[in-house]
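In what follows, a structure is listed as structure tokens, so that the remarks can point back to it.
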Amino acid sequence: MPSVLWGIDGDWMTSYMPKNEKFYPTDHCGVLRCKTEAVSPRYLAHILEREGKQMGFSRSYRASIDRIEGITFTVANRKTQDDVITEITDIEVQIKAAESTLNSLNGKISDILNRYLT
């Protein structure tokens with residue numbers, strides 16, 4: 001099944017793990033799995049991220065299992081969830097492309113500096 005992970009000890013963050021992707025949780029993270037098709041796990045990861053930030057989860061206010069169990073929220077219908085995830089995925093692709101461009105440009109900057117400094 002797809003899973004939603006969250007960190008218990010450090011800065012607040014969540015992550016989505018697709019079905020059949022191996023991962024090895026430790027006692028420093030929590031794992032959620034949706035028991036219904038009505039909730040998209042990727043959508044749940046984003047909602048949980050937002051709710052955790054609103055609750056102030058951090059290194060000093062840890063996201064324990066008890067605190068996570070106390071979170072309640074409503075979700076949009078599945079079509080809306082899927083539409084939101086499609087938009088997020090498109091933006092993530094744009095971010096990766098921009099990061100790749102930045103890495104390439106940083107390499108070019110280093111090459112130029114090395115030519116003149118050595």
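The chain is numbered in sequence order, starting from 1. Owing to the predicted nature of the structure, the values given are computational and were not obtained by experimental measurement.
From Lys108, atom NZ reaches atom CG of Asn103 across 12.5 Å, with rounding to the nearest 0.5 Å. Between the CG atom in Asp27 and the CD1 atom in Ile8 there is a gap of 7.5 Å [rounded to 0.5 Å]. Remark: Glu51 CD to Thr72 OG1 distance equals 7.5 Å, nearest 0.5 Å. Separating the OG atom in Ser64 from the CD atom in Glu69 is a distance of 8.5 Å, to the nearest 0.5 Å.
In this structure a side-chain-to-backbone donor-acceptor pair under 3.5 Å is present from Ser110 to Asn106. With hydrogens and angles ignored, the 3.5 Å screen pairs a side-chain donor or acceptor of Gln81 with a backbone N or O of Ala38. A donor-acceptor distance shorter than 3.5 angstrom exists from the side chain of Thr86 to the backbone of Asp82, with no hydrogens or angles considered. Between the side chain of Ser104 and the backbone N or O of Ser100 there is no donor-acceptor pair closer than 3.5 Å.
With respect to the salt-bridge test (charged N to carboxylate O, under 4.0 angstrom), the residues Glu92 and Arg42 qualify. With respect to Lys53 and Glu49, a salt bridge is recorded, a charged nitrogen being found less than 4.0 Å from a carboxylate O.
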Item to check | side-chain contact (heavy atoms from CB on, under 4.5 Å) between Trp6 and Met13, intermediate numbers included | outcome: CA-CA 6 Å; Trp6 80 88; Met13 64 177 67; over 6 Å; no
Item to check | side-chain contact (heavy atoms from CB on, under 4.5 Å) evaluation trace for Met1 with Arg33 | outcome: CA-CA 7 Å; Met1 306 181 77; Arg33 292 195 170 129; 3.8 Å; yes
Item to check | Evaluation steps, salt bridge (Lys or Arg N to Asp or Glu O under 4.0 Å), between Arg115 and Asp111 | outcome: CA-CA 6 Å; Arg115 269 190 291 175; Asp111 290 346; over 6 Å; no
Next on the checklist: The test is side-chain contact (heavy atoms from CB on, under 4.5 Å); show your working for Leu32 and Leu5 and say whether it passes.
Outcome noted: CA-CA 6 Å; Leu32 291 173; Leu5 307 178; over 6 Å; no
Item to check | Audit row: Tyr16, Leu44, side-chain contact (heavy atoms from CB on, under 4.5 Å) steps and yes/no | outcome: CA-CA 9 Å; Tyr16 166 76; Leu44 177 61; over 6 Å; no
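Side-chain heavy atoms closer than 4.5 Å link hydrophobic residues (I, L, V, M, F, W, Y) into clusters, and following such links, possibly through other members, connects Ile65 to Phe57. No continuous path of hydrophobic side-chain contacts links Ile88 to Ile95 [ILVMFWY only; heavy atoms under 4.5 Å]. Leu48 and Val84 fall within the same hydrophobic cluster, defined by Ile, Leu, Val, Met, Phe, Trp and Tyr side-chain heavy atoms under 4.5 Å apart, directly or through other members. When hydrophobic clusters are built by joining Ile, Leu, Val, Met, Phe, Trp and Tyr residues whose side-chain heavy atoms come closer than 4.5 Å, directly or via intermediates, Leu102 is not grouped with Leu113. Residues Val4 and Phe23 are members of separate hydrophobic clusters, defined by side-chain heavy-atom contacts under 4.5 angstrom among Ile, Leu, Val, Met, Phe, Trp and Tyr.
Note that Arg67 lies in the cation-pi zone of Tyr61, set by a 6.0 Å cut-off to the ring centre and a 45° limit from the axis.
Remark: Leu105 CG is packed, more than 12 non-hydrogen atoms of other residues, nucleotides or ligands lying under 6.0 Å away. Heavy-atom neighbours of Gln54 CD from other residues, nucleotides or ligands within 6.0 Å: above the threshold of 12.
Not counting sequence neighbours, Glu37 has no partner by the salt bridge (Lys or Arg N to Asp or Glu O under 4.0 Å) test. Among residues two or more places apart in sequence or in another chain, the salt bridge (Lys or Arg N to Asp or Glu O under 4.0 Å) test is passed with Asp11 by Arg59. Residues forming a salt bridge (Lys or Arg N to Asp or Glu O under 4.0 Å) with Lys79 (at least two apart in sequence, or on another chain): Asp83.
Among all heavy-atom pairs drawn from Pro25 and Val31, the shortest one is CB-CG2, 3.8 Å. Among all heavy-atom pairs drawn from Trp12 and Ala63, the shortest one is CZ3-CB, 3.3 Å. Of all the heavy atoms in Ala45 and Thr14, the pair that sits closest is O-OG1, 2.9 Å.
Here the side chains of Cys34 and Pro41 are in contact, with some heavy-atom distance below 4.5 Å.
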